[in-house]
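Some notes on the structure that comes next.
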Amino acid sequence: MQIASVGTAFPPNKYSQSEIAEALTARWEGNMEEPRLIKRFFANCGVDTRYLVYPLDVYPTLRGFGQTNTAWIDAAVTLAKIAIANALDPLGLTAADISAIFFASVTGIASPTIDARLINLLPFPTHVKRTPIFGLGCVAGAAGIARASDYVKAFPNQIALLLSVELCSLTWQDDDQSIANLISCGLFGDGAAAVVIAGKDAVIPNLSQPGPRVIATQSTFYRDTETVMGWDIGDMGFRIVLSPDVPKVVEKNLLGDATRFLEANNIAISDIGSWIFHSGGPKVLEAMQSTLGLPEDALALSWKSLREVGNLSAASVLCVLEENLSKHRGAPGTYSILAAMGPGFCSELVLLQW
Amino acid sequence: MEEATVEQRCIAIIAKSKLIPEDSVTRDQTFDELAIDSLDKINISFEIEDTFNIQIPDDSIGSLKTVGDIVDGVIRLQHQAAVQLATPAI
């Protein structure tokens, strides 16, 4: 099976980090002991720009879970259509060629789910299999590729679509000056990504060059770490839970997990040509790099994605994957590891061969 | 200000922020060794600015890894401020 293409989409409102910091400072300075913290913290998040689903002055007018979630549904459908077109069109495929759709998001909920609403708008087959995934958070990009790969392994002449839409700005809490919410407002952005994953016997009309093959995947759950990351869900929507221990969990586990995973596939860490990692934030990327003993520039594309669009939760690692596919393809036969971690706490590793 | 005095005052600010004795902080220690995270560093930077009457660039905090980096940064910013003051406006 292979990853044939990735398409991304971003909302129209692009802001510099300083513009967002200034807007938030104007909003919060009366409620903070040290309002200078916002600007300085934002300047050190590793983020230069972000795309937001609404202009900055609209956010204070959004009230409560219902209003923000309705906004999420509308915008998610719009962005998803663009991301899907960007993934399918270059391959000469349409939605009618998709046998299974996996939809991942953690920033809003809907029933019928976003994938169902898209089936009413695009020519997906009537018998398309739907797997909406909520709650995996940042790990869902990598886990979604793994689950879609499992599917086309079972049905090798079929094509699966992984779709992730994350509108993190709709989860920012206007009444919460906690450090966790400050990190959320400083780090996370909005965006969508769609990935075409084709079985080994699937027919793709306009495939200019083969994509990386999914060789193996590994899910790992870290017991008794459920307070490290997640949501507290209340009347005002999703309030982030984010422990400073996230980098420690990475440092404690990632090297062992990666080593065992690669040994099981008779590959050494030194055999990996590129690392396609979720752009979680500076601390997480630094922890990933140091614990695996990677050279300084090994995660350059993850840092670039973080700078340009912020942390997009599940969609982040898919944006990094798109950059690899479009501009930094591996030489034939070389290996890559695609990886993300998320609430659970848990990780997903995907071994790719170009 | 003498470099030794700058160092002493920086160490005092860092020790106070972490509620640890001043003599347990040395110039060559890293912030990781002192369990100082990025948020601690930002709060320390405000104290440093107020104490030395300097303006630390917002985006420079991430590059500070050791106590010595802060001391060197303060001396450099004080020097820059002195040069600006001594340069006549054109």
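This structure is a prediction, so every number in the text was calculated from the model and none was measured.
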>> Walk me through whether Val241(A) and Val228(A) qualify under side-chain contact (heavy atoms from CB on, under 4.5 Å).
In response: CA-CA 7 Å; Val241(A) 174; Val228(A) 167; over 6 Å; no
>> Do Pro247(A) and Met288(A) have side chains that approach each other closer than 4.5 Å (heavy atoms only, starting at C-beta)?
In response: no
Tell me which donor-acceptor pairs, judged by distance alone and kept under 3.5 Å, run between chain B and chain A, one pair per line.
from	atom 1	to	atom 2	distance (Å)
Ser45(B)	OG	Arg40(A)	NH1	2.9
Glu49(B)	OE1	Arg36(A)	NH1	3.3
Glu49(B)	OE2	Arg40(A)	NH1	3.1
Glu49(B)	OE2	Arg40(A)	NH2	2.5
Ile56(B)	O	Arg40(A)	NH2	2.8
Asp58(B)	O	Asn44(A)	ND2	2.7
Asp58(B)	OD1	Arg40(A)	NE	2.9
Asp58(B)	OD1	Arg40(A)	NH2	3.3
Ile61(B)	N	Asn44(A)	OD1	3.3
Gly62(B)	N	Asn44(A)	OD1	2.9

> For Ile61(B), is it the side chain, the backbone, both or neither that has a heavy atom under 4.5 Å from a heavy atom of chain A?
Replying inline: both
By side chain to side chain contact (heavy atoms under 4.5 Å, CB included), which residues pair with [X], not counting sequence neighbours?
X         : value
Ala12(B)  : Glu22(B)
Cys346(A) : Val139(A), Phe221(A)
Pro12(A)  : none

> What's the spacing between Gln29(B) CD and Ile11(B) CD1 if we round to 0.5 Å?
Replying inline: 8.5 Å
> About how many Å separate CD1 of Ile13(B) and CD1 of Ile48(B), when rounded to the nearest 0.5 Å?
Replying inline: 4.0 Å
>> Using heavy-atom distances under 4.5 Å, tell me whether Ile179(A) contacts chain B through its side chain, its backbone, both, or neither.
In response: side chain
